Amino acid sequence: GLQIIDVSNPQNPALLGSYDTLGRALSVTVSNNIAYVADYHKGLQIIDVTNPQNPALVGSYYYTPGAAFIVTVSNNIAYVADYWAGLQIIDVSNPQNPALLGSYDTPEREVSVFVSNNIAYVVYGWEGLQIIDVTNPQNPFLFGSYDTPGYAHFVTVYYNIAYVADDWAGLQIIDVSNPQNPALLGSYDTPGYAYSVFVSNNIAYVGDWEAGLQIIDVSNPQNPAFWGSYDTPGTALSVNVSHNIAYVADENSGLQIIDVSNPQNPVLLNTILPRPTSYINNCIISNNLLIISDTNWNELFFYDISNPAS
């Protein structure tokens, strides 16, 4: 489900509201005060979070053919990484009645998707990075691909560079300015297993499994350099950064809130563990709203981060 928490004072987070979804709430994204939840076997759930103290179900697309793993939304279209069923492209312009536009059958289990300028960047584990043209969502087609050396878990794109969290192969940095011919720029061998990555201001923040949060300078992508790290107590699965504060989904150790204003010396501010048996696997920030997903209790948690430095 969904939980809404006020973290305007990151040292004293407070729950704002919650929503109990029917499935496992593996991923969430927010657009225009609507939360889109990849709810595993229960498909796509669409929740109005205009009033975070009282989130309300708006609509759903229950019957994705696979298991909804990751979701992103661009221009009123939801792109769902549907695990073994590939990429599902769903029209959410009317959130009360989402409708399938098209799909793309990927060669492996799809585990992450990022969309920009009508191009979907998807990663498929053993198959690495696939680049798909979704200009016509009813007829998506493959643009190009890059087979990473590890197991690709997550991708984000920043200024025509794709950053792939590639498990034991660390962080892979790929030039996608020509999507038909992606090319490796550089890589960084993290000490753990790179599971997710967030990039801002030429800094890559890597959720590195049992090695916690790794902070890497990527201002020269051909020669990325270690800057700092914070060894979280659990398993760092997801990371988001806002106003120099990193929010790390740390599995059964909850959400770790870390000050990274000095990337060479990150400092823990607080930890959120909604329940003793919570399993926090994903977090996202949108319009000063932090959302974390608890896959053990099937809940989403909402926090206000409008003043993270207070």
Side-chain angles (χ1 to χ4, degrees), residues 27 69-70 72 81 108 110-116 119-131 144-177 179 182-232 234-242 244 246-251 256 258 260 263-266 281-285:
S27 165
F69 204 78
I70 294 284
T72 188
E108 248 269 12
E110 184 181 346
V111 292
S112 177
V113 57
F114 181 94
V115 177
S116 177
I119 297 177
Y121 303 86
V122 293
V123 291
Y124 304 112
W126 300 113
E127 298 293 328
L129 173 67
Q130 305 269 317
I131 304 173
S145 63
Y146 185 87
D147 189 5
T148 60
Y151 187 94
H153 286 288
F154 190 90
V155 60
T156 189
V157 178
Y158 182 78
Y159 288 107
N160 287 321
I161 297 176
Y163 297 84
V164 178
D166 206 34
D167 206 278
W168 67 86
L171 179 66
Q172 302 294 310
I173 305 173
I174 302 165
D175 181 354
V176 292
S177 56
L184 184 69
L185 288 174
S187 64
Y188 185 85
D189 186 10
T190 60
Y193 300 93
Y195 199 81
S196 66
V197 58
F198 182 96
V199 179
S200 178
N201 296 324
N202 291 317
I203 299 176
Y205 303 86
V206 179
D208 204 35
W209 203 251
E210 293 181 354
L213 175 66
Q214 302 293 313
I215 304 174
I216 302 165
D217 180 354
V218 291
S219 55
N220 178 0
Q222 295 173 314
N223 187 31
F226 175 75
W227 226 351
S229 65
Y230 186 87
D231 188 7
T232 60
T235 302
L237 299 180
S238 173
V239 58
N240 262 273
V241 178
S242 177
N244 290 320
Y247 301 85
V248 180
D250 205 37
E251 204 174 51
Q256 306 292 311
I258 302 168
V260 292
Q264 293 176 308
N265 186 34
N281 81 312
N282 183 262
C283 64
I284 192 167
I285 296 168

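Note that the coordinates shown come from a computational prediction; the quantities given were computed from them, not determined experimentally.
When every heavy atom of Ser200 is checked against every heavy atom of Phe198, the shortest pair comes out as CB-CE2, 3.7 Å. The shortest non-hydrogen separation linking Pro221 to Ser219 is CD-O, 3.5 Å. Considering all non-hydrogen atoms of both residues, Gly128 and Thr148 come closest at CA-OG1, 3.5 Å. Heavy atoms only, all atoms of each residue included: Gly212 and Ala236 are closest at O-CB, 3.6 Å. Nearest heavy atoms, Phe69 versus Ser27: O-CB, 3.4 Å. Closest approach of Asp231 and Ala211 over heavy atoms only: OD1-C, 4.2 Å.
Here OG of Ser112 is found 5.5 Å from CD1 of Ile70. Values are rounded to the nearest 0.5 Å. Considering CD of Glu210 and CD of Glu251, their distance stands at 8.5 Å, rounded to 0.5 Å. For the atom pair CH2 (Trp209) and OG1 (Thr232), the distance works out to 11.5 Å, reported to the nearest 0.5 Å. Taking CD1 of Ile215 as the reference point, atom CG of Asn265 lies at 9.5 Å (rounded to 0.5 Å).
Between the side chain of Asn201 and the backbone N or O of Ile203, no donor-acceptor pair lies under 3.5 Å. When atom types are taken as modelled, the side chain of Asp217 and the backbone of Pro224 share no donor-acceptor pair closer than 3.5 angstrom. Looking at Asp167, its side chain never comes within 3.5 Å of a backbone N or O of Ala194 through a donor-acceptor pair. Judged by distance alone, with hydrogens and angles left aside, the side-chain atoms of Asn244 form no donor-acceptor pair with the main-chain N or O of Val260 at under 3.5 Å. Listed for the Asn240 side chain is a donor-acceptor partner under 3.5 Å among the backbone atoms of Cys283.
Here the side chains of Tyr163 and Gln172 are not in contact, with every heavy-atom distance at 4.5 Å or above. Inter-residue side-chain proximity for Pro191 and Asp208 is flagged as met; some heavy-atom pair is nearer than 4.5 Å. Between Leu237 and Asn282, every side-chain heavy-atom pair lies at or beyond the 4.5 Å cut-off. In this structure the side chain of Ile258 reaches within 4.5 angstrom of the side chain of Leu213, judged on heavy atoms. No side-chain heavy atom of Tyr195 sits under 4.5 Å from any side-chain heavy atom of Thr235. Taking the side chain as every heavy atom from C-beta outward, Tyr124 and Val111 never approach each other to under 4.5 Å.
Side chain to side chain, Asp166 and His153 fail the donor-acceptor criterion of an N or O pair below 3.5 Å.
The side chain to side chain contact (heavy atoms under 4.5 Å, CB included) with Val164 is formed by just one residue from the set Thr156, Val157, Val123; it is Val123.
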(request) Run the numbers on Tyr193 and Trp168 for ring pair (Phe, Tyr, Trp, His ring centres under 6.0 Å), then give the verdict. (result) CA-CA 5 Å; Tyr193 300 93; Trp168 67 86; 7.7 Å; no
